[in-house]
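Below is one structure, written out as structure tokens, with a few remarks after it.
Proteins come first, then strands; the chains are lettered A, B, ... in the order of their sequence lines, and each starts at number 1. Quick caveat, the model's predicted, so the values are computed rather than measured.
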Amino acid sequence: MDQPIATSLLPPRFAAWFQGRGWQVHDHQLAVLRAVEAGRSVLLIAPTGGGKTLAGFLPSLVELADADPKEKRTGIHTLYISPLKALTVDVARNLETPIAEMGLPIESETRTGDTPQNRRQRQRKHPPHILLTTPESLALLLSYSEAPDYFASLKTVIIDELYAIADTKRGQLLTLGLARLARLAPQCRFLGLSATVAAPERVAQHLNYGARPLDIIRGRDGAQPEIGIMIPDAHVPWSGRMALHAVPAIYEEIKRHKTTLVFVNTRAQAELVFQGLWRLNDDNLAIGLHHGSLAVEQRRKIEAAMARGALRAVVATSSLDLGIDWGDIDLVIQVGAPKGASRLLQRIGRANHRLDEPSRALLVPANRFEVLECKAAIEAALEKDLDEYPPRPYCLDVLAQHILCLACAGSVNPDALYLEVTTAASYASLPREEFDRVFAFVRDGGYALKAYDRWKRLRQMPDGGWRAANMTVVRQYRMNVGTIVESPMLKVRLGRGQALGEVEEWFVQGLLPGDTFMFAGRLLRFEGIREMSVVCSLAKSGEPKVPVYGGGRLPLTTDLAERVRAILEDRRQQRDLPDDVQEWLRLQRWRSVLPTRSRLLIESFPRGNKEFLVAYCFEGRIAHQTLGMLLTRRMERAGLKPLGFVATDYVLATWALGAPTQEQVERLFAEDMLGDDLEEWLEDSSMLRRSFRNVAVIAGLIERRHPGEEKSRRQITFNADLIYDVLRKHEPDHILLHATRQDAAWNLADVQRLGDFLKRVQGRIDVRRLDRVTPLAVPVLVTLGSTEVGNEAMDALLEEAAADLIEEATSGEPGQEAML
DNA sequence: GACCTGCTGCGGTATG
């Protein structure tokens, strides 16, 4: 029988198996096999559906095919790490097939938090050849005293979905673990599996240990996806975000296709779209819902039904971005703009895993701005122009946790450990001095906390190294392992009275005492945070300074923003836009002008008895939010009496009693805005305090869980606040405060973006003085009338509220074009 | 910041 050339390069048993399945071995699978056989580490970049996981395991299966089943082992051969528990289970199941069908003498098992006690015990004494686990469970394995034995014979580590964790604290903890493995098992090769990324070399660095050569291997690209924009009834709403107008059209698409995956951006939106579909569901189609607030059992049920092919559609948040591949999805619908090209491609890639057939996807813009954004996202996706993020600097809280981990396993020598830690790419530039300060913190808490016994966590061994002081410390470490810290909800209270409800912590972070916002139907004045409560007073009537939006929006990526600006500037690019949108832009040109790429357009007009200022910055909501905080402070000082602001991904709008002159505007937007003003704001807001809590939990200063009890979030916050105040007072340069400031700076990454923006627009600001609201400003002003978005009638209400604004913006004489 | 993601081991006693 003729054997395909490529397949004949496999060992006979494997070649026969491939043939029996009617498969041809892929080039990249063979390339990975050869590279790993030659002792090289590998980053494999391939789209889903290309047999990526099998490629990862092939070298191990081939090596282990001749293993002696009776051989007494103390360690494992291959370690597989995935960011999801569910994925380890799925991959284990998929591994069973080749192992069983070829009759290979290979044991493979999962090890996660779900693994029963007795099995974990057995695994420690009798390790399987292949162990599938998570980053957290790997950390636990490394904290056992038998870890050196357990990993001494390790040959291969496979890290799945590497790109998804590369630049997170979770990923940093993992890479520190990998650095440890490389030291325990110098012969070990590292094999990363990844979707397409903008900077493969940077992702590959996380696999780079010792002098082992590293290859980047690329699988063949799948067929170019077919992506369309859905405009039901040729109508696009002026504003709103839920896109409920499109639910009937989405329902029709579901009916027309075999299986549809409907992605949305927030949980609230998932609920609304799901309900909307269900109401229309006269055909009784099996439609499911999947997001993070649903009970785990509920989600597993949906996933299982999906795997069986029993569902026609699932409405999901990013809870289904990663995970099990379902072969039968023939349509992906993205409701609302995708906000970034990488996310869009990832989601489209969830459909149709036959490489040669194009994936089909539809984008559903919720409003007119989103049409521009969807168009930009499609262009970027087709050009494979992926989002690139700056690498995250090393996190010292993660390092502290890792040091404690190793001290649980055995005696730790700081000199050797420093060398080991700096082999991890994220920590390569860590100065010895900072390492020593972190080490000292793990040892005894550092100068200000030295007096307390509970933070003396290491004791010196006869060999000079350091080890966990006692079993309590070890248990504390194991119970608090990991970098994922839950973000608490805060109760909103009127004075000392009863709670009005709960609000997410992040919303309060940016507030300053005196700021007003709408909550539970009342206008509240923010007074401060006491323990877990947002203390407020009733505000005098007026409009809220900071509107509350139920569920936020993803910030627009820089790249997409740039593309949106390009579309606005170039008339030819506007020709294939829906008529609604073209008309909207035409009216804007007539009334005012369209923003351009090289200049900042600011419109100024009166409405009611207020003066509005609308800046078309296109820097994303987070950056605009910060800009709004800083700008209104400056307006205050300039005597303009600002009343409030609202930020969207595209514009920042402020309203005040006074209108600034052109000269004043230039001064308001001066570059020095990010200096003292920002510092002052940071100190005043509770941002640093909150960051400290996360850092303190990860670094092990505060326990999350304790034998027999789960610490309440209230206790955690209370303790963190207490220690924060002590440290600020007695040891302001404590290493954890240092880590806190680094964290805050990273979380304010958009400040960098803001800085670039301010620099770019200096001397290039066009202020248009107009007599009324302009068409482009309508969407953002519409949202002002509403204070509590999120319920389902809201989009309709918005549209209604828009009516008179639209009338005002689009009727009468052309606007006054006089420049100020 | 949207949205996600994960998570003792021991020494004791009772039971089959």
Sub-3.5 Å pairs of nitrogen or oxygen atoms, protein against nucleotides 9-16 of chain B:
{"from": "B:dG9", "atom 1": "OP1", "to": "A:Tyr144", "atom 2": "OH", "distance (Å)": "2.2"}
{"from": "B:dG9", "atom 1": "OP2", "to": "A:Arg120", "atom 2": "NH1", "distance (Å)": "2.9"}
{"from": "B:dG9", "atom 1": "N7", "to": "A:Gln117", "atom 2": "NE2", "distance (Å)": "2.8"}

Whole-Å distance separating the CG atom of A:Leu174 from the C1' atom of B:dT5: 13 Å

Residues in side chain to side chain donor-acceptor pair (under 3.5 Å) contact with A:Gln401, at least two apart in sequence or another chain: none

Side chain to side chain contact (heavy atoms under 4.5 Å, CB included) partners for A:Gln117, two or more places apart: A:Arg120, A:Gln121

A:Gln172 side chain to A:His402 side chain, donor-acceptor N/O pair below 3.5 angstrom: no

Rounded distance (Å) that lies between atom C1' of B:dA2 and atom CZ of A:Arg347: 10 Å

Touch class at under 4.0 angstrom, heavy-atom based, for A:Leu84 against every strand present: sugar-phosphate

For A:Ala380, side chain to side chain contact (heavy atoms under 4.5 Å, CB included) partners two or more places apart: A:Ala341, A:Asp385, A:Asp559, A:Leu560, A:Arg563

Value in whole Å for how far the P atom of B:dC7 lies from NZ of A:Lys169: 19 Å

OP1 or OP2 of B:dC7 under 4.0 Å from side-chain N/O of A:Thr134: yes

Distance, rounded to the nearest Å, where A:Gln401 contributes CD and B:dG6 contributes P: 16 Å

5' precedence on DNA chain B between A:Pro83 and A:Gln476 (nearest-nucleotide basis): A:Pro83

Which atom of A:Lys169 lies closest to which atom of A:Val695, heavy atoms considered: NZ-CG2, 4.2 Å

Side-chain N or O of A:Ser137 closer than 4.0 Å to phosphate OP1/OP2 of B:dC7: yes

Shortest side-chain distance from A:Met479, nucleotide among B:dC4, B:dT8, B:dG6: B:dT8

Value in whole Å for how far the P atom of B:dC4 lies from NZ of A:Lys339: 17 Å

5' priority, DNA chain B, between A:Ser318 and A:Val485 [closest heavy atom]: A:Ser318

A:Thr168 vs B:dT5: side-chain N/O to OP1/OP2 distance below 4.0 Å: no

Residue list, side chain to side chain donor-acceptor pair (under 3.5 Å) with A:Glu271, at least two apart or on another chain: A:His291

With A:Arg93 via side chain to side chain donor-acceptor pair (under 3.5 Å) - residues at least two apart: A:Asp90

d(OH, A:Tyr477; P, B:dC7) in whole Å: 12 Å

Euclidean distance, atom CG of residue A:Leu320 to atom P of B:dA2 [Å, nearest integer]: 19 Å

Atom-pair distance (CG on A:Asp649; P on B:dG1), nearest Å: 17 Å

